[in-house]
Structures are given as structure tokens and as C-alpha cells.
Amino acid sequence: MTADKKPSNWQQSIDGQWHGCPSLFEHDGTWVGDNRVKRASEYHDGRTTFWMETMFDATGPLMDRFEIGARMEFGVIDSDQDRIYTGPDFYGSGKPYGLLVDSYYYSPGWNVQLRTVNHVVPELAMQVYSSQLFEGDTLVGVFNGLYVVTQDYDSNPDTQQYVEDFLAREKVEAKRPFNLPVKYEGVFRGEFEVYDDQQNFIGTNTVTVHHRPINLLHSEQTIEISGVINRKWTALRTRNGGGHQFHGPDLHGNGKSYGRYLYSVRHVLGEAVKLWSRETVVDADYTTVCAWQFIESQRLRYTTFGVLRWEPGEHILSAHYID
């Protein structure tokens, strides 16, 4: 990269120091601790360097595995097409779609392959982060959590206090389980940006999810999408601990939650189409930050993302009485 080349749009969107306390989960969803992180992707004189300082507070073998006791750094070949990670701490690449980047890379120090999805959400003043951790294609753990960005952390006591307050809340909130409203029917509603498989922004989708609980573990949901993509699906949804299933008639599949994050794959009946999703409940009002990918004939067709806000309706699972 030459010194007169400008940083990519993604690089510009993540300018500053990011602070978070992502949780660490075993492959089965068991929460085992968290990791205080300060990180930045810095562009100077035509070169991009990503650095990360970590402080794990966890139990079990994952603590020994991931706390390597050194600041992590790696070079980045930066572009709007691909961000290529050149080591020594990470090797691989990430693909930007507007304010979301989807990355696959390898950490020799941790001996894991990572699938990391980072989504900057300006309207919520946060970045929604997750990494699924693999040995080959076997899941061995998950990191996930929210981050906030600062421009003057090292010099401003007020900013430092803001970060400390945020991290204290995250240590409590990050391990809460993923749950949808269990007693109220209502609607999740939002607008998603849509990118094609060449990373071009091609418009927006209006997304509406009609949610109606049947009992404390079962609900019926109808997803309506209009805009670039026009679809309507209904499915019976069940939850058993951190396990989720979708029983049709239109969507069949399952998901697994790690704290307040749910990762799912749903297959469309009678079509070579599936929906991969990462959905994150970020507050007590069930505000849900979503990343959805539409895969057709085993090839990625669309990457979409946005925020769904909950509009509660009738309280349909109220107290029962027998006279």
C-alpha cells in the first residue's frame, strides 16, 4: 500500500479505541468468564496495524488457552474488497459490507480458527461483536459482547469513567440468556441494509416479525420482508435451555444461544435456500441487532443487517384460574 492511498471505508468507520468485555463460553454454551479488551485498527503512512490488549478473567482450560500474556498485533492489507490479516497473531481475511465485516482467520497463539462478525451500529452507539472459535470445523468456544469507541481515552478522565461504567454493566449483562418475550405477543420491526455477493449496497428491506407465544417454551413467528427481498415465512419456534428449533411449516432448522446472542440456520421448505442469522438482544426492551445472510444453492446471495425494535401487544399468558 502506498502512503498516498486512503484507508478503506470500513477502516474509517472503526477509527478510535474500542472498549469491551466480551464473555467467553464453552462450546455447549456454558459461561466461563469474560475478557476486558482495548483494541484499535490504526492507519499510518499507508500501513494498517490492528492491536489488541486483553485481560481474561475466566475459569477452566479456556483461561490457560486464551490468556497469552502479550499484546496482540497484526498487519492488515486494507481495502473495501478484503481486509487481509498478515500476522503474526492472526492470519486470514475479512470482507466488509458497509458497517459490518465478516471475517475468517486463524490464531496460532490460541490455536483456533475464528469466524468473527463485527457490526457497527451508530444509532445505538455500539459495535456488536462475536467470534466463533473452531479447531478445524469443530466448535470449541465462543466470544461475544458489545463495544464502545473513544477518541480521547488516554487523556480524558471523563471518557475513562464512561468506559469503566460501560464495562461494569457489560460484566453483568453479557452473560444473560437470549430470550424473546414469553408472555406478550407483539411485533419486532426494523429496516435492514442489503448487500449483494459482490459487497454492493443494493437497498433496504423492511422487516417485520410477528411474535405470538403459545406457552413458555413455544411461540409462533411470521417473518415478513419487503424491499430488495420479498418473502413471508411462518414457523413454530421452541426453546429448551440454550437450544432453539424451528419446526415449519415454512422454515426448518435450529439455533444455539451463547448468552444474549443466538446463532441459527433455517432452511426454506422446498427451496435450495437457507437463512444464517446472528441475533443479539442488547437491552431490557428486547431491542435486537441482527445479521442475516441468505444462502442460495450453497452460495451466499445477500448479506443484510439492522435493528429490530419490539412493539408489545396483548399479555396473552397471564395468570390462570380454575373456579
Side-chain angles (χ1 to χ4, degrees), residues 10 13-14 16 18-23 25 29 34 37 39 94-103 114-132 142-149 166-167 169-181 186-195 201 204-211 221 223-225 227-229 237 239 242 244 255-266 275-294 302-312:
W10 171 257
S13 75
I14 59 171
W18 291 86
H19 306 264
C21 194
S23 283
F25 299 89
D34 51 46
V37 176
R39 56 172 164 79
K95 187 175 286 293
Y97 299 90
L99 291 178
L100 181 144
V101 68
D102 189 3
S103 303
L114 297 93
R115 196 244 173 121
T116 295
V117 177
N118 267 325
H119 178 191
V120 177
V121 189
E123 67 182 277
L124 299 177
M126 65 176 62
Q127 182 185 93
V128 181
Y129 155 84
S130 70
S131 288
Q132 295 164 286
V142 172
F143 297 142
N144 63 46
L146 309 180
Y147 282 74
V148 293
V149 67
F166 171 77
L167 295 179
R169 292 193 303 272
E170 275 293 281
K171 286 181 74 72
V172 174
E173 298 295 329
K175 56 190 175 184
R176 294 192 184 279
F178 181 96
N179 263 324
L180 298 177
V187 175
F188 289 93
R189 199 184 312 272
E191 188 172 272
F192 288 15
E193 293 188 6
V194 183
Y195 291 79
F201 172 70
T204 61
N205 285 335
T206 297
V207 178
T208 305
V209 181
H210 300 269
H211 173 77
Q221 287 192 341
I223 300 172
E224 295 187 65
I225 306 171
V228 176
I229 303 166
R237 180 172 183 146
R239 176 181 63 84
H244 296 248
K256 181 72 175 175
S257 63
Y258 294 83
R260 57 197 162 169
Y261 286 63
L262 175 66
Y263 306 82
S264 303
V265 176
R266 287 166 268 194
L275 174 67
W276 175 92
S277 62
R278 185 197 72 178
E279 299 168 335
T280 309
V281 177
V282 298
D283 60 26
D285 296 323
Y286 297 105
T287 303
T288 305
V289 179
C290 301
W292 291 0
Q293 290 185 324
F294 292 76
Y302 301 111
T303 294
T304 75
F305 49 87
V307 179
L308 293 177
R309 296 185 182 274
W310 170 242
E311 301 170 7

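Just so it is clear, the values below take in all heavy atoms, side chains as well, and ignore hydrogens, waters and symmetry mates. Here the structure is a predicted model, which means the values were calculated and not measured.
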Check: His210/Glu224 side-chain N/O donor and acceptor closer than 3.5 Å: yes
What are the two closest heavy atoms between Arg176 and Glu173, and how far apart are they? NE-OE1, 2.9 Å
Taking side chain as C-beta onward, heavy atoms only, is Val148 less than 4.5 Å from Gln127? no
Using a 4.5 Å cut-off on heavy atoms from C-beta on, say whether the side chain of Leu99 contacts that of Val121. no
For Tyr129, which residues count as a ring pair (Phe, Tyr, Trp, His ring centres under 6.0 Å) partner, sequence neighbours excluded? Tyr147
Hey, does the side chain of Glu170 reach the backbone of Leu146 with a donor-acceptor pair shorter than 3.5 angstrom? yes
If you look at every heavy atom in Phe25 and Gly29, which pair is closest and at what distance? CD2-O, 3.4 Å
Short N-O contact, Arg189 and Glu311, less than 4.0 angstrom: yes
Worked verdict on Val187 versus Val209 for side-chain contact (heavy atoms from CB on, under 4.5 Å): CA-CA 6 Å; Val187 175; Val209 181; over 6 Å; no
Using 0.5 Å steps for rounding, measure from the CG atom of Leu308 to the OG1 atom of Thr208. 8.5 Å
Grab the two heavy atoms, one from Asn144 and one from Ser130, that are nearest each other, plus how far apart they are. CB-CB, 3.8 Å
Evaluate the side-chain proximity of Leu180 to Arg237: yes if any heavy-atom separation is below 4.5 Å, no if none is. yes
For Gly255 versus Ser264, what's the shortest heavy-atom pair and its separation? CA-OG, 3.7 Å
Non-hydrogen side-chain atoms of Val307 and Leu124 separated by less than 4.5 Å: yes
Thr288 side chain near Val282 side chain, heavy-atom distance below 4.5 Å: no
Check: Asn205 side chain, Val228 main-chain N or O, donor-acceptor pair, under 3.5 Å: yes
Would you give the length of the straight line joining atom CD of Glu193 to atom OG1 of Thr204, rounded to the nearest 0.5 angstrom? 8.5 Å
For a quick test of reading the model, state the closest non-hydrogen atom pair linking Phe188 to Pro181 and the distance between them. CZ-CD, 3.8 Å
How close do Trp292 and Leu275 get, heavy atom to heavy atom, and via which atoms? CB-CD1, 3.7 Å
Evaluate side-chain contact (heavy atoms from CB on, under 4.5 Å) for Thr206 paired with Ile225, printing each intermediate quantity in order. CA-CA 6 Å; Thr206 297; Ile225 306 171; over 6 Å; no
Ring pair (Phe, Tyr, Trp, His ring centres under 6.0 Å) with Phe305: which residues, sequence neighbours excluded? His119, Tyr195
Value for CD (Gln132) from OH (Tyr263), rounded to nearest 0.5 Å, stands at 5.0 Å
For the side chain of Arg278 and the backbone of Val117, is there at least one donor-acceptor N/O pair under 3.5 Å apart? yes
Does any part of the side chain of His244, heavy atoms only, come nearer than 4.5 Å to the side chain of Lys256, both counted from C-beta? no
Working to the nearest 0.5 angstrom, can you tell me the gap between Arg239 CZ and Leu262 CG? 11.0 Å
Please determine whether side-chain contact (heavy atoms from CB on, under 4.5 Å) holds for the pair Phe294 and Ile229, giving the CA-CA distance in whole Å, both sets of side-chain angles, and the decisive distance to 0.1 Å. CA-CA 10 Å; Phe294 292 76; Ile229 303 166; 3.7 Å; yes
State the CZ-SG distance between Phe192 and Cys290, to the nearest 0.5 angstrom. 4.0 Å
Taking only residues at least two apart or on different chains, which pairs with a member in residues 115-128 satisfy salt bridge (Lys or Arg N to Asp or Glu O under 4.0 Å)? Asp102-Arg115, Glu123-Arg309
Taking atom OH of Tyr261 and atom CZ of Phe178, what is their separation to the nearest 0.5 Å? 12.0 Å
N/O donor-acceptor pair under 3.5 Å between Asp283 side chain and Asp285 backbone: yes
Chi angles and distances behind the side-chain contact (heavy atoms from CB on, under 4.5 Å) call for Trp276, Thr303: CA-CA 10 Å; Trp276 175 92; Thr303 294; over 6 Å; no
Under a 3.5 Å distance rule, please check whether Ser131 uses its side chain to pair with a backbone N or O of Leu114 as donor and acceptor. no
